[in-house]
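Reviewing the structure listed below.
Not measured: the values here are computed from a predicted model. Every chain is numbered from 1 and lettered A, B, ... according to where its sequence line falls, protein lines coming before strand lines.
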Amino acid sequence: MRDPIPAPAFRESLLGWYAGARRPLPWRTQPSLYRTVVSEFMCQQTQVATVLPYFAEWMEQFPDFASLAAAEEATVLRAWEGLGYYSRARNLHRLAKAVAAMDAPPATAAEWRALPGIGPYTAAAIASIVFGEAVPVIDGNVIRVLARLTADATPFPTAQKAQRHFERLARDLLDAHAPGEYNQAMMELGATVCVKHRPACLLCPVRTHCLAGQSGRAADFPVVPRRAQEKVEQVRLWIEEDGALLLARGGANGRLQSLYELPLRETLPQAVVGELLFSGKRAITHHLYTEHIHRAKAPAELTENPALSWVPHEELESIPLSGPHRRWVRALLKETADGRAERDPFPS
DNA sequence: AATACGGGGCA
DNA sequence: TGCCCAGTATT
């Protein structure tokens, strides 16, 4: 058994570094409960740099719980469009309605945990950052930092296993007097210094406590077995009629729920499929989709599929589409309006 | 306990 | 191209 990390010295080094190194993120420079909640939802599985423009636009459109609660779901999804993991947007919308209906928002991690879209990480983040509750957050950054501090080569096939593995250590190291600052400092360290590739160990404020860093092997931790990507080919249909485009809305349980996309060929078995207009790639978790968009003609009688609907051109910008389909629809719309120009509508 | 869920960024 | 990112809900 190795010597435990001396928690007081560790906290002092970490918090001293964080005070001078923290990025001036908008939810830090102008903090509030609502802004913290929105930032945590947006940052789930999404890099901060990607979140920033969405966060700014979101705050313009939905400045507080009440305005978000009052919005239509389609409007909410449209604002989230391009961020991915759209269940986050639907859950955040439901959460806003729940909070708006309360006398006062919850103030403990356990209460927040019961709200939609709030798991162990987000409950701990909100409770510690906003309400000063002494609960540690264990996200991807923290797992990486702790695995390197202890040079722990345990393989973690899932993040859940890693969270359980490090729960005790995370609690022991947490600064109970400044849990919000401490938690953000750990994540900031993982995001800016203790990064996955080529960590900056020479600049690390806790390098004297780090077993992996001192032996020059930080990049070897944590050990995460990888999963192969599966390739899938799909044909989607471009069907225009009377200035409207035929789109399909995501199913009740499937992915891209309540977002619109170009309909799959299987959705319209009777359609007459014509020329190939465009092929594009998109990744969804461990699937790599290649989608081939063909011009097509609708069958004389449309199937009674309630997920299908004709969307007039002028309404396309106000409905939620998936990110790739937004780009493809815009380009193809311009292309067909130009009478099918010769040039490539999708310059790389 | 495993699996599904998006899309962008980077080496 | 493959891997990662301030995770959660569902089966």
Side-chain angles (χ1 to χ4, degrees), chain A residues 22-23 25-28 35-55 77 80-92 94-95 112-126 128-129 136-145 156-164 180 183-192 194-199 219 222-232 250-259 261 280-291 320-328:
Chain A
R22 52 184 269 167
R23 293 167 291 177
L25 303 175
W27 47 90
R28 288 179 181 161
R35 291 165 69 87
T36 301
V37 170
V38 172
S39 74
E40 292 301 343
F41 269 76
M42 287 189 171
C43 284
Q44 288 169 9
Q45 295 293 288
T46 306
Q47 296 193 338
V48 167
T50 304
V51 165
L52 289 175
Y54 283 88
F55 185 84
L77 285 169
W80 199 271
E81 185 182 294
L83 261 185
Y85 281 154
Y86 297 95
S87 63
R88 292 182 293 174
R90 293 194 309 274
N91 285 333
L92 179 55
R94 290 168 53 206
L95 182 148
W112 277 98
R113 183 69 180 79
L115 291 171
I118 304 279
Y121 163 78
T122 308
I126 294 169
S128 64
I129 294 171
V137 298
I138 308 180
D139 72 334
N141 288 310
V142 174
I143 288 167
R144 191 167 54 252
V145 170
F156 299 121
T158 68
Q160 196 182 40
K161 281 185 161 52
Q163 283 163 19
R164 269 203 303 277
N183 281 334
Q184 292 186 81
M186 285 289 279
M187 294 190 282
E188 192 81 347
L189 186 67
T192 63
C194 195
V195 293
K196 170 73 179 153
H197 297 288
R198 300 172 68 82
V223 177
V224 181
R226 64 176 182 77
R227 237 171 33 175
Q229 274 222 331
E230 183 188 348
K231 290 180 165 57
V232 183
N253 283 327
R255 63 170 159 269
L256 301 174
Q257 197 175 329
S258 55
L259 267 74
E261 294 205 289
K281 291 180 186 302
R282 66 192 302 194
I284 299 184
T285 318
H286 63 283
H287 293 91
L288 183 59
Y289 290 89
T290 304
E291 303 194 352
L321 285 167
S322 69
H325 281 216
R326 171 68 66 196
R327 292 194 302 275
W328 301 346

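Nucleic acid contact for A:W80: none, since no nucleic acid atom lies under 4.0 Å from a heavy atom of the residue. When heavy atoms are screened at a 4.0 angstrom cut-off, A:R22 is found touching no nucleic acid atom at all. Contact annotation for A:G119: backbone-only contact, meaning every heavy-atom pair under 4.0 Å involves sugar-phosphate atoms and none involves a base. Using a 4.0 Å heavy-atom criterion, one finds that A:L259 contacts no nucleic acid atom at all. A:A191 comes within contact range of the sugar-phosphate backbone alone, with a heavy-atom separation under 4.0 Å but no base atom that close. Among the heavy atoms of the strands lying under 4.0 Å from A:P120 are primed sugar atoms or P, OP1, OP2 only; no base atom is included. Across all strands, A:A283 comes closer than 4.0 Å to base atoms (heavy-atom distances).
Environment of CZ in A:R198: sparse, with no more than 12 heavy atoms of neighbouring residues, nucleotides or ligands closer than 6.0 Å.
Contact annotation: side chain of A:Y85 to base of B:dG6, donor-acceptor pair present below 3.5 Å. Looking at A:T46, its side chain has no donor and acceptor atom pair within 3.5 Å of the base of B:dG7.
Per the geometry, CD1 belonging to A:I284 stands 12 Å off P belonging to B:dA4, to the nearest Å. What separates CZ of A:F156 from P of B:dA2 is a distance of 15 Å, to the nearest Å. At whole-Å resolution of the value, CD1 in A:I118 and C1' in C:dA6 are 13 Å apart. Atom C1' of nucleotide B:dA2 and atom CZ of A:R164 are separated by 12 Å, given to the nearest angstrom. Taking atom NE2 on A:H325 and atom C1' on B:dG7, their separation rounds to 13 Å, with Å as the unit. Counting to the nearest Å, the C1' atom of C:dC5 and the CG atom of A:L83 are 12 Å from each other. A:H197 has its NE2 atom 12 Å from the P atom of B:dC10, to the nearest Å. In this entry the distance linking CG of A:L92 with C1' of C:dT8 reads 13 Å, nearest Å.
In this structure a side-chain-to-backbone donor-acceptor pair under 3.5 Å is missing from A:R113 to A:A123. Of the possible donor and acceptor atoms, one in the side chain of A:R35 sits under 3.5 Å from a partner among the backbone N and O of A:P26.
Among the nucleotides B:dG6, B:dG8, C:dG2, the one closest to the side chain of A:K231 is C:dG2. The listed nucleotides are B:dG8, B:dA2, C:dA6; the one nearest the side chain of A:K161 is B:dA2. The side chain of A:R113 lies closest to C:dA9 when the candidates are C:dA6, C:dC5, C:dA9. When the nucleotides C:dA9, B:dG7, C:dC5 are ranked by their closest atom to the side chain of A:Y86, B:dG7 comes out on top. Listed candidates were B:dT3, C:dC5, B:dG7. Nearest to the side chain of A:Q47 is C:dC5. When each of B:dG7, C:dA9, B:dA2 is scored by its nearest atom to the side-chain atoms of A:N91, the top-ranked nucleotide is C:dA9.
Taking atom P in both C:dA6 and B:dT3, the straight-line distance is 24 Å, to the nearest Å. Only the C1' atoms considered, B:dG6 is 15 Å distant from C:dC3, to the nearest whole Å.
Between A:Q44 and A:A49, the one whose closest nucleotide on DNA chain B sits nearer the 5' end is A:Q44. For the pair A:Q160 and A:V48, nearest-nucleotide mapping onto DNA chain C gives the more 5' position to A:V48. Comparing A:R23 and A:L115 along DNA chain C, the residue whose closest nucleotide (by nearest heavy atom) sits nearer the 5' end is A:R23. Residues A:Y54 and A:P157 each lie close to DNA chain B; by heavy-atom proximity, the contact nearer the 5' end of the strand is made by A:P157.
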Derivation and outcome, side chain to side chain contact (heavy atoms under 4.5 Å, CB included), residues A:E81 and A:L321: CA-CA 7 Å; A:E81 185 182 294; A:L321 285 167; 4.0 Å; yes

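OP1 or OP2 of C:dA6 has not a single side-chain nitrogen or oxygen of A:R88 nearer than 4.0 Å. The shortest distance between the side-chain N/O atoms of A:K196 and the OP1/OP2 oxygens of B:dC10 is not below 4.0 Å. Put simply, A:T122 has a side-chain N or O that comes within less than 4.0 Å of OP1 or OP2 on C:dT8. OP1 or OP2 of B:dG7 has at least one side-chain nitrogen or oxygen of A:R282 nearer than 4.0 Å.
In this structure, the side chains of A:N141 and A:M186 stay at 4.5 Å or more apart for every pair of heavy atoms.
Listed here is the closest heavy atom pair of A:W80 and A:M42: CH2-CG, 3.6 Å.
Of the N and O atoms on the side chains of A:R88 and A:N91, not one donor lies less than 3.5 Å from an acceptor on the other residue.
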